[in-house]
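One structure is given here, and the rest of the page talks about it.
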Amino acid sequence: MGLWAALLSGAVEFCSTGRFVSGAGWRHMRRTLDSTELVFVRRGVLPMIVGGQRLDIASGEVALWPAGVEHAGAETIREDLEFHWMHFRLPQMRHLADSAALPADEHNLILPDHARLADPDRVVVLANQLLDLYVAHGPHANAYCDYALTSLLLEVSAQIRQSLRQSQRTGETGSIIRFNEGVGKVITGGFREGMAADAIDEPGLAVMQGVRSWIRANAFDDITVAAVARRFHYSPSYLTALYKRVFGIGIVEQVTECRIDRARELLSSTSLPMADIAHEVGYSDPKYFLRVFKRRIGLTPSQYRASFSGKLFNTV
């Protein structure tokens, strides 16, 4: 994976956005644009040739096509496909050499050629909000869409930075260019009952990453701290202390965060009834779901859904 960096001095210049939906049989046209494009696949696989390099962009992944670089479909798609696309101008964007250190200042956007996002649901919400704003305020240039797009790019950048830091810290990769190969590996062992929290070694950090991945995959089931602890063979109190030391939040809050993030995505992109969404994300009591959602987001689920009234699709 290659990386691009851009120092922000203000909002990114937004051009346009949309959500593409197609069944089998479509193929992306060949073209070269004067704007940069970011695509975020939600369903299926988008096969592309970008600057002569093949990219198969799967669900939960983003890809960046710089201005002036030819891109075209690598082949006709064979299954349903859905992705968000957004065009923007960022003339200060520069390619980072493989050995280059990441700019420490987080006013620098770090965007990948192609990468899997650690938390794609957060980008789903922002992409839907950008669509809604574009319907309401576009198609002319406007500051509202400029700043909404900038927020989305900062979210992608923050996730890439976090994943790179974690993969380098756990020794899963020797360099930035190998980021995609390292994500998701779990190293067993690394800490013992009784070890001080600030003495966790690198394999121990990797185990905590494995715990978090397991929680994210199972958060919508009826899981408890005790169940997570049994799964990873630690006492509940010790596992909770280690987890909070590494990630800054407890296991219960992590489960809640996963559930509410998924609920936000469903509220912004589907017309499912509230009770169905509550059950989908792991709450058997819709009223309790409403209270938890409002406590975390500051809006009721209905109020949150109402903020995404506009949608813009292009289909085949």
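All heavy atoms count here, side chains included; hydrogens, waters and symmetry mates do not. Note that the structure is predicted; figures quoted are calculated from it, not measured.
The minimum heavy-atom distance linking Asp146 with Ala11 is given by the pair CB-CB, 3.8 Å. Across all non-hydrogen atoms, the minimal contact from Ile110 to Pro103 is CD1-CD, 3.7 Å. Taking every heavy atom of both residues into account, Ala118 and Gln159 meet most closely at N-OE1, 3.2 Å. The two residues Asp113 and Leu55 make their nearest non-hydrogen contact at O-CD1, 4.2 Å. Between Tyr243 and Ile249 the shortest heavy-atom distance is CD2-O, 3.3 Å. Minimum heavy-atom separation, Ala115 to Ile160: CB-CD1, 3.8 Å.
Residue Leu153 forms a side chain to side chain contact (heavy atoms under 4.5 Å, CB included) with just one option from Thr150, Leu149, Val156, and that option is Leu149. Under the salt bridge (Lys or Arg N to Asp or Glu O under 4.0 Å) rule, Glu61 has a single partner from Arg116, Arg43, Arg42, which is Arg116. Looking at Val125, Val135, Thr17 one by one, the single match for side chain to side chain contact (heavy atoms under 4.5 Å, CB included) with Leu130 turns out to be Thr17.
At least one donor-acceptor pair under 3.5 Å links the side chain of Arg259 to the backbone N or O of Ala219. When atom types are taken as modelled, the side chain of Ser157 and the backbone of Leu109 share no donor-acceptor pair closer than 3.5 angstrom. Not a single donor-acceptor pair under 3.5 Å links the side chain of Asn218 to the backbone N or O of Ile215. Between the side chain of His114 and the backbone N or O of Pro112 there is no donor-acceptor pair closer than 3.5 Å. Judged by distance alone, with hydrogens and angles left aside, the side-chain atoms of Arg89 form no donor-acceptor pair with the main-chain N or O of Ser35 at under 3.5 Å.
Taking CE of Met48 as the start and CZ of Arg27 as the end, the distance is 10.0 Å to the nearest 0.5 Å. We find the CG-CD distance between Asn108 and Gln92 to be 9.5 Å, quoted to the nearest 0.5 Å. The structure places OG of Ser59 at 9.0 Å from CD of Glu82, a figure rounded to the nearest 0.5 Å. Taking NE2 of His137 as the reference point, atom CG of Asn142 lies at 6.5 Å (rounded to 0.5 Å). To the nearest 0.5 Å, atoms OG (Ser268) and CG (Leu131) are separated by 10.0 Å. Considering CE of Met274 and CG of Leu266, their distance stands at 11.0 Å, rounded to 0.5 Å.
Using a 4.5 Å cut-off between side-chain heavy atoms of Ile, Leu, Val, Met, Phe, Trp and Tyr, with links allowed through other members, Leu290 and Ile297 fall into different hydrophobic clusters. Side-chain heavy atoms closer than 4.5 Å link hydrophobic residues (I, L, V, M, F, W, Y) into clusters, and following such links, even through other members, never connects Val45 to Val39. Hydrophobic clustering places Trp85 together with Leu46 (ILVMFWY residues linked when any side-chain heavy atoms are closer than 4.5 Å, directly or through intermediates). In the hydrophobic cluster analysis, where Ile, Leu, Val, Met, Phe, Trp and Tyr join through side-chain heavy atoms closer than 4.5 angstrom, Leu7 is grouped apart from Leu3. Residues Val62 and Leu33 are members of separate hydrophobic clusters, defined by side-chain heavy-atom contacts under 4.5 angstrom among Ile, Leu, Val, Met, Phe, Trp and Tyr.
Side-chain N/O atoms of Ser269 and Glu265 include a donor and acceptor closer than 3.5 Å.
Using the six-membered ring where Trp is involved, Phe232 and Trp214 have ring planes that are perpendicular, over 60° apart on the 30 and 60° scheme. Aromatic ring pairs are classed by plane angle as parallel below 30°, tilted from 30° to 60° and perpendicular above 60°; the pair Tyr134 and Phe14 is perpendicular.
At least one side-chain heavy atom of Val292 sits under 4.5 Å from a side-chain heavy atom of Tyr283. A heavy-atom distance below 4.5 Å is found between the side chains of Ser22 and Ile77. With a 4.5 Å cut-off on side-chain heavy atoms, Thr36 and Leu64 count as touching. Side-chain contact between Asp119 and Arg122: present, with at least one pair of heavy atoms (C-beta onward) separated by less than 4.5 Å. Looking at heavy atoms from C-beta onward, Ile277 lies in side-chain contact with Arg305 at the 4.5 angstrom threshold. For the pair Leu126 and Ser151, the minimum side-chain heavy-atom distance is below 4.5 Å. Taking 4.5 Å as the limit, every side-chain heavy atom of Val21 sits out of range of all side-chain heavy atoms of Leu81. Contact of the Met208 side chain with the Leu239 side chain is registered, since non-hydrogen atoms from C-beta on lie closer than 4.5 Å.
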For this session: Report the C-alpha separation of Phe220 and Glu280 in whole Å, then their side-chain angles, then the decisive distance to 0.1 Å, and conclude whether the side chain to side chain contact (heavy atoms under 4.5 Å, CB included) test is met.
Result: CA-CA 7 Å; Phe220 312 133; Glu280 178 77 16; over 6 Å; no

Exercise. Going through the distances and angles, do Asn128 and Arg19 end up as a side chain to side chain contact (heavy atoms under 4.5 Å, CB included)?
Worked result: CA-CA 9 Å; Asn128 281 330; Arg19 184 171 169 184; 3.6 Å; yes

Problem set entry | side chain to side chain contact (heavy atoms under 4.5 Å, CB included) evaluation trace for Ile251 with Thr224 | CA-CA 9 Å; Ile251 290 176; Thr224 63; over 6 Å; no

Problem set entry | Chi angles and distances behind the side chain to side chain contact (heavy atoms under 4.5 Å, CB included) call for Met86, Leu152 | CA-CA 10 Å; Met86 50 216 73; Leu152 185 151; 3.7 Å; yes

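Phe293 has its ring centre less than 6.0 Å from the ring centre of Tyr304. You'll find the ring centres of His87 and Trp65 outside the 6.0 Å limit.
The environment of Tyr147 atom OH is sparse: at most 12 non-hydrogen atoms of other residues, nucleotides or ligands sit within 6.0 angstrom. Taking a 6.0 Å sphere around CG of Asp222, one finds it holds 12 or fewer heavy atoms contributed by other residues, nucleotides or ligands. Residue His107 qualifies as open at atom NE2: its count of foreign heavy atoms under 6.0 Å is 12 or below.
With respect to Glu257 and Arg216, no salt bridge is recorded, no charged nitrogen being found less than 4.0 Å from a carboxylate O. Under 4.0 Å is where a charged nitrogen must lie from a carboxylate oxygen, and between Asp121 and Arg264 no such pair does. Salt-bridge formation is detected for the pair Arg30/Glu70: a Lys NZ or Arg NE/NH1/NH2 atom is positioned less than 4.0 Å from an Asp or Glu carboxylate oxygen.
With sequence neighbours excluded, no residue forms a ring pair (Phe, Tyr, Trp, His ring centres under 6.0 Å) with Phe88.
Sorted by first then second residue, the ring pair (Phe, Tyr, Trp, His ring centres under 6.0 Å) pairs that include residues 254-280, not counting sequence neighbours, number zero.
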